[in-house]
There are 2 protein chains.
Amino acid sequence: MVSEELRETALQLLAARGYDETTVDDIVAAAGMSRRTFHRYYASKEDVVIQLLADLGAEMRAELGGRPESEPPAESLRRAVTVAINFCAGHHDAAKTLAVVRLILRTPVLHARSLERQAGWQADLAAVLAARLNLPVDALYPEVAARLAFVALNTALERWALTDGEADPLELTDRAFEMLAPALAGQGLGEVGG
Amino acid sequence: MVSEELRETALQLLAARGYDETTVDDIVAAAGMSRRTFHRYYASKEDVVIQLLADLGAEMRAELGGRPESEPPAESLRRAVTVAINFCAGHHDAAKTLAVVRLILRTPVLHARSLERQAGWQADLAAVLAARLNLPVDALYPEVAARLAFVALNTALERWALTDGEADPLELTDRAFEMLAPALAGQGLGEVGG
DNA sequence: GCCTCCGATGGCACACTGTGTCAACGGCGT
DNA sequence: ACGCCGTTGACACAGTGTGCCATCGGAGGC
């Protein structure tokens, strides 16, 4: 597949030379293709990296939506985050994913983009929660709870990347969720939940 | 001041026509200057908007650092976030700031950039907390707690912008912090605090 | 008063990104 | 063999951001 070879070449060069120091022309030259072809598969240089996480949001949303309604939101959210962690750290080749995560975290443009992606996913999760629990429209709980899930996710992922994959991301996630549990259990100070 | 006139013209055009639909050439033409001069004051089109929040991080950091060490972290963080809220909603002309916040939230590039800025501030606050409480090096509390502050801030700001400034951002912040209080009080499940 | 120095500005050229348009190539079935 | 169609590459263009240099104008020294 052309897009895969392009992505492979890109990731290798970006990780080796650094993001800003690598031009799209460098990438397509190394892959033996034209810049026009590159942009047929990837909207921008950022996209080659960010698109790797494309399905992550949908998977988290699906996991959250698939959890039983009777389950406490804290547990449903923890499962959704676990899906993300497994996607990153357990999927196929953890070392490769680690390299990508580190590239994103150390490259401001990529970090910015990935955070914005997360903001979209967070809104999705909040919508699922809001539909499940029927709270007053002005309740902050769904939005805050969804954000807390990403607090746990990002804390775990950053620590994982910072320790070169030494720390166990699932254990980190669980520790973070233990800490957040009381806030997630509150459901906005006595408002009625599902 | 040249930079101020440039910024004023830019904000007006960006808010009116939209970010992507406005070129730097449009801005400098409206301000009667050259593109070269624009880039002497602002590194990029994003910068004209994002630079408005430049001092926010430092102010939050200063407020947090200035709180008494004996104060519970939850309260210190709430004060730091209050500084940010007042900066946005109470500073001078709330309507103008509201327009900027809305512009940022509805423009992906700007939203991404502002989130990345926040990530930096969050790390700063976490460092302050880590220095204050002496926890084990692998403790997640400082990092998580600092993130929670921004969860509250963003939830309040987005709700504020979404309601066209109707909702009181300070009240929203307090409600969010009430919800997060139990997690912030925990200090990582029995680890010793300052 | 004139000259020099210096900061601010503008013009130009350049590298890079991203998009639209079109021509060329190559497999495929008829 | 022919035409069809999807893939590719070539070119041109708009937009961004930077380096370099010429220019202008004011402040201060002579």
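Sequence lines set the chain letters: A, B, ... in the order given, protein chains first and strands last, and positions in each chain run from 1.
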Taking N or O atoms only and anything under 3.5 Å, show me the protein contacts with nucleotides 25-27 of chain C, one pair per line.
none

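B/Arg61 is linked by a side-chain contact (heavy atoms from CB on, under 4.5 Å) to B/Asp124, B/Leu125, B/Val128, counting only residues two or more places apart in sequence or in another chain. With sequence neighbours left out, the side-chain contact (heavy atoms from CB on, under 4.5 Å) criterion links B/Glu4 to B/Met1, B/Arg7. Every residue two or more places apart in sequence or in another chain that forms a side-chain contact (heavy atoms from CB on, under 4.5 Å) with B/Ala145 is listed here: B/Leu77, B/Leu129, B/Tyr141, B/Leu184. Applying the salt bridge (charged side-chain N to carboxylate O under 4.0 Å, His left out) criterion to B/Asp138, with sequence neighbours excluded, gives no partner residue. Qualifying side-chain hydrogen bond (donor to acceptor under 3.5 Å, both in side chains) partners for A/Arg17, counting only residues two or more places apart in sequence or in other chains: A/Asp26. Here B/Arg106 pairs with nothing under the salt bridge (charged side-chain N to carboxylate O under 4.0 Å, His left out) rule; sequence neighbours left out. Residues passing the salt bridge (charged side-chain N to carboxylate O under 4.0 Å, His left out) test with A/Arg35, sequence neighbours excluded: A/Asp25.
In the hydrophobic clustering (ILVMFWY side chains linked at under 4.5 Å, chained through shared members), B/Leu115 is joined by A/Leu115.
Among pairs with a residue in residues 46-57 of chain B, those fulfilling salt bridge (Lys or Arg N to Asp or Glu O under 4.0 Å) read B/Glu46-B/Arg113, at least two apart in sequence or across chains.
OP1 or OP2 of C/dT9 has at least one side-chain nitrogen or oxygen of B/Tyr41 nearer than 4.0 Å. Between A/Thr37 and the phosphate of D/dG9, there is a side-chain N or O to OP1/OP2 separation shorter than 4.0 Å.
As rounded to whole Å, 18 Å separates atom P of C/dA15 from atom CG of A/Asp20. Between the CD atom of B/Glu21 and the P atom of C/dT19 there is a distance of 14 Å, given to the nearest Å.
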### Task
Spell out protein contact along nucleotides 15-26 of chain D as letters: B when the base is contacted, S when just the sugar-phosphate is, - when no protein heavy atom is under 4.0 Å; keep the 5' to 3' order.
SBBBBB------
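Salt bridge annotation for A/Glu71-A/Arg132: absent, with no cationic side-chain nitrogen under 4.0 angstrom from a carboxylate oxygen.
Heavy-atom distances under 4.0 Å link DNA chain C to no residue of residues 5-19 of chain A.
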